[in-house]
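Since the structure comes first, as structure tokens, the remarks are kept for the end.
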Amino acid sequence: MKKPPIWFWQIALLVMIFIIWHIATSPDLIPPIFFDNEYRAAFFFGEPAKIFNAIWVWFMSGEIYPHLWVTLQETLLAFAIGTLLGLAVGLWLGLTPLASAILDPYIKAMNAMPRVILAPIFMVWFGLGIWSKVALGVTLVFFIVFFNVYQGVKEVSPVVLNNARMLGANASQLLRYVYLPSATSWVFSSLHTSVGMAFVGAVVGEYLGSAKGVGYLIHQAEGAFDINTVFAGILVLTVFALLLDFVVTFAENKLLKWRPQQAETETT
Amino acid sequence: MATALSLTNISVTFTGKSGGGGYTAIKDTTLNIADGEFVSIVGPTGCGKSTLLNIGAGLLKASSGEVKVFGEPLIGLNQQAGYMFQSESLMPWRSALANVTAGLQFRGVEATEAARQGEQWLERVGLNGFGNRYPHELSGGMRKRAALAQMLILDPKIMLMDEPFSALDIQTRQLMENELLQLWETDKKSVVFITHDLEEAISLSDRVIVLAAGPATHPIGEFAIDLPRPRDVAEIRMTPRFLELHAQIWHAMKEEVLKGYAQTKNKVVA
């Protein structure tokens, strides 16, 4: 008999988790183990059937789409702006040792600061719309990209650099044809993390104060002690994040063709 | 014959990191490479061969002494020279063709024209059909061919080569050496070829210069190689004259090699 493929077990595991979840939280299937009341477990952990129902209603009524769209916009804007800023500042500081020496303690301080607490300030500055969430996401993405690019510039192979110089590259050509491609590969190696961070910035920002977005939905549901809807929001966000990650992997494979892969053999 | 590259009384001292005196790599070295001449520089490991080449390329400034390129004092990088590095120097994010045409791109040559010349050079170094491959998809020998084409496409008057084939296996290496000689015979450029392999030096060169063990290295011997050209590097090694020259130069080198060996050994112990 053929062994079932790995995805079979992955899906089986998921189904099992939901079944256990359902049995443990349903008021009338088994007597309460931990709580003194059969409805308590459902109150704290929700019920998978109701969670899926909430998700079903969201998508069928179309209620969720504007919220997802807002969250997606915030994520993409935060990612794009944060990456560009990180790339520019990383290149600049990587190539000007004096500036990087002067700014070093400030960068360390800003990176060490828990930047989520900037959310209230951004709300005062940019209002409750998408831009306060974008700003929060940017502060998260910026540092990841910045540190990677800075490191990337410092670690450009001196031989490749000297070779380009001997081939006649001037300073701006070195920047464009050597430093930038080299730094870009470092940006890509941090792409998964920075897209994730942009997403975190968007959702946390929405959660702390907004009128739209999946984070806002979760916040509303929590206010009404509607734990099922909170879990529904979490599930939607998780799937959404997985989809983003797929897109990133796809882009990475397209754009980093020149990088050696682990396995080079072709299989038929 | 005109002098292509001349180094006069070159000394190089690197500033010491922990205060105190610096490290003198090269002391009072004078070298003259004639136009069209193939000169090899041999010496024990770590004696400062590469440093000397970097001086000639303008990548490094000498502490004292004078560098002249075709009679003109060298300021900045040596524009007349192509440089072939010991380690990987291709840009990994560029295909073989884009690497070969990089120098033309930097000079503002139009893209289609650059690609045309690039294809020609790929063919000349035996890489036709591999233009779209990235460096990691090429073998070590193929990468060296690409690096050679990358340098030669700019038609430099002087070729500076820093142990370019040392990372290759012996068969590939002899193939590459023969190809280098063929390319060199077609339009005689001046070549400064650094190697620690005496056989390679003799079989390729018009002249072999032996450096002393470092620190403060300087030439201790100079040998004209009067072997007939064109040469086949594998076959020429069997001729009596080659063996004679080899014995002669090795005799001069031996002491320095042992000295260099003792130094590195002491460093490890200390």
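What's counted below: heavy atoms across the whole structure, side chains too, no hydrogens, waters or symmetry copies. Keep in mind the model is a prediction, meaning the values are calculated, not measured. Here is the naming used below: chain letters follow the sequence lines, and residue numbers restart at 1 for every chain.
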Measure the spacing between CG of A:Asn163 and CG of B:Asn99 and express it to the nearest 0.5 Å.
-> 8.0 Å
Relative to chain A, which segment of B:Gln79 carries a heavy atom at a distance below 4.5 Å: side chain, backbone, both, or neither?
-> neither
Determine yes or no for a side-chain-to-main-chain donor-acceptor pair under 3.5 angstrom, with B:Trp93 supplying the side chain and A:Thr184 the backbone.
-> no
Within a reach of under 6.0 Å around NZ of B:Lys61, are more than 12 heavy atoms found that belong to other residues, nucleotides or ligands?
-> no
B:Phe106 versus chain A, heavy atoms under 4.5 Å apart: side chain, backbone, both or neither?
-> both
Quick one: what part of B:Tyr83 sits under 4.5 Å from any heavy atom of chain A, side chain, backbone, both or neither?
-> both
Within a reach of under 6.0 Å around CZ of A:Arg176, are more than 12 heavy atoms found that belong to other residues, nucleotides or ligands?
-> no
With a 4.5 angstrom heavy-atom cut-off, which part of B:Leu104 approaches chain A: side chain, backbone, both or neither?
-> neither
Taking atom CG of B:Asn132 as the centre, report whether more than 12 heavy atoms of other residues, nucleotides or ligands fall under 6.0 Å from it.
-> no
Check each atom of A:Arg165 against the heavy atoms of chain B and say whether the ones under 4.5 Å are side chain, backbone, both or neither.
-> both
Flag side-chain contact, heavy atom, 4.5 Å: A:Leu167 against B:Leu154 | yes
Is the count of non-hydrogen atoms from other residues, nucleotides or ligands lying under 6.0 Å from A:Met113 atom CE greater than 12?
-> yes
Can you find a pair of side-chain heavy atoms, one from A:Met166 and one from B:Leu59, that are under 4.5 Å apart?
-> yes
Is it true that atom NZ of A:Lys212 has more than 12 heavy atoms of other residues, nucleotides or ligands lying nearer than 6.0 Å?
-> no
Can you say whether B:Gln150 sits under 4.5 Å from chain A via the side chain, the backbone, both, or neither, judging by heavy atoms?
-> both
Hey, what do you get for OH (A:Tyr177) to CD (B:Gln105), rounding to the nearest 0.5 Å?
-> 4.0 Å
